[in-house]
Amino acid sequence: MAINRPKGTEDHLPALSPKLTLDVSAQAHGWLVEKARRVLERAGAQRIDTPLFEEADLVKRGVGGSTDIVRKEMFTVYYFGDHGGYILRPEGTAAIVRAYLQNGLKQLPAPLKLWTHGPMFRAERQQRGRLRQFHQVDYEVLGSTDALVDAEAIALMVGVVRELGLTGVRVKLGSIGDPEDRERYNTYLRELFTPQLERLSDDSKDRLTRNPMRILDSKSAGDQELLAELGVRPMLDFLGEEAGAHFRAVQAYLTEWGVEYDIDPSIVRGLDYYRRTAWELHHEGVGAKSALGGGGRYDGLAQELGSKETIPGIGWAFGVERLLLALEAEGMALPEIAGPLLYVAALDEVNVPHAARTAMSARAHARAEFAYRAMKPAAAFRDAERRGAHWVALLGTDEVTQGTLSLKNIRTGEQRSLAAADLATFLQEHA
Ligand code: AMP
């Protein structure tokens, strides 16, 4: 029996793989992360990487006991002789805040901007754009409550989208207020839903006691019908004075910078530690229920994780696979195969080591490959072309004894003869 990869995971494949699509192209993943890196590092974000697994307690406290992630979707890590108390990370924020606290990053100039990229794990039911191992690009800013930081974070997300060349993206912006505001809203929701208890889905009955706001986020059609019927008032109606002023300031900055957004009163981020600004980015090609990414402010998280002082923070995450699906929906082609600049083939078996040596020394300057056995010219050109090479050097005994190279440009047909000693300069000029 052949062994398959686990459900809900993908292999990221090399260029020219049969049936390759953007979302499983290793090259497309790398290309996307590189674009995001450029945008984020230009804004002063520094890379941070945390382990792929963390203490279960970190995930439970950081993500919140009432969330689907903690209640149903955690992958537990067991290994021999261990207590089994580790969880594969479902998101990046809790671990980054843990690392900030544990490594004394508070001593760095604030606000501190960090970014990361890597796999996240949630045991969800697999669907298009919903995987058990998926990838996020993640941006977090620690140490400031300023609305300017919120607005910049949103603008950077839009900046990444623009850098990728995506056009059909909408920003949905909301605020979930301060904890007191949410408490008032939850009281209102409990009063509204308790008489309708029987009509709520089982999950939402549970949410009614744990965190009523999450009913608004329900994926159940019955719940959504009930919500529409009851005409539920939005969280935005319950914002206190400070949270309201903060929300207006974020909008004013975005408007000033020409970053378009729609106010969406239904934005309720699934994670418990969010405060005030919350937003999502959506794209038609990926489906209304599936965000490209989302973010929010989480001033309460550090204390939840055991910090004595409040460390305000805000962050967002893009789903890399979702971005690639959106790009595919907008008709983006697979990235061009980045072939070698130089491909060296020997015409006789005796010169194969020389061809290998030529290619290996060329690697100081450019990507260079060689043929592992002697080839006739036609076969060498065919192989070089399949590999996407630019220049082919054929080595016969004449070339080897005279110390020259006969080069041919596969794309234009141009031919050149070169002293082997000049190869480095030639490669630098053509890189
Ligand atoms: P969240 O951490 O839940 O706010 O998710 C942030 C982003 O990660 C989402 O907007 C998606 O783009 C992506 N994402 C979350 N869960 C999944 C999943 N199971 N499969 C693929 N992408 C996901």
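Every number for a ligand or one of its atoms is a count from 1 in the order of the listing.
Note that Lys106 lies outside the cation-pi zone of Tyr100, set by a 6.0 Å cut-off to the ring centre and a 45° limit from the axis.
In the candidate list Arg132, Gln136, Arg125, Arg122, Gln136 is nearest to atom 6 (C) of ligand 1, counting heavy atoms. For atom 18 (C) of ligand 1, the nearest non-hydrogen atom from the set Trp316, Phe134, Phe121 comes from Phe134.
Distances between N or O atoms of Leu292 and those of ligand 1 include at least one value under 3.5 Å. Where the criterion is an N or O separation shorter than 3.5 Å, residue side chain and backbone included, Leu131 meets it with respect to ligand 1. Below 3.5 Å of separation, one finds no N or O of Ala317 facing any N or O of ligand 1. Between Glu91 and ligand 1, no pair of N/O atoms sits closer than 3.5 Å.
Remark: of the listed residues Arg128, Gln136, Arg130, His283, Arg130 is the sole one forming a side-chain contact (heavy atoms from CB on, under 4.5 Å) with Arg322.
Judged as a side chain to side chain donor-acceptor pair (under 3.5 Å), and not counting sequence neighbours, Arg386 has no contacts. Remark: His430 engages no residue in a side chain to side chain donor-acceptor pair (under 3.5 Å) (not counting sequence neighbours).
Taking the six-membered ring for Trp, Tyr343 and Phe370 have ring centres at least 6.0 Å apart. Two rings, from Tyr139 and Trp316, have their centers less than 6.0 Å apart.
Residue contacts with ligand 1, taken as heavy atom pairs separated by less than 4.0 Å, involve Arg322 solely via side-chain atoms from C-beta onward. When non-hydrogen atoms are compared, ligand 1 lies under 4.0 Å from neither the backbone nor the side chain of Ile69.
Remark: side-chain polar atoms of Ser220 are paired, donor with acceptor, to backbone N or O of Gly222 under 3.5 angstrom.
Not a single heavy atom of Glu321 sits less than 4.0 Å from an atom of ligand 1.
Listed by atom number, the atoms of ligand 1 under 4.0 Å from Glu124 heavy atoms are 16 (N), 17 (C), 18 (C), 19 (N).
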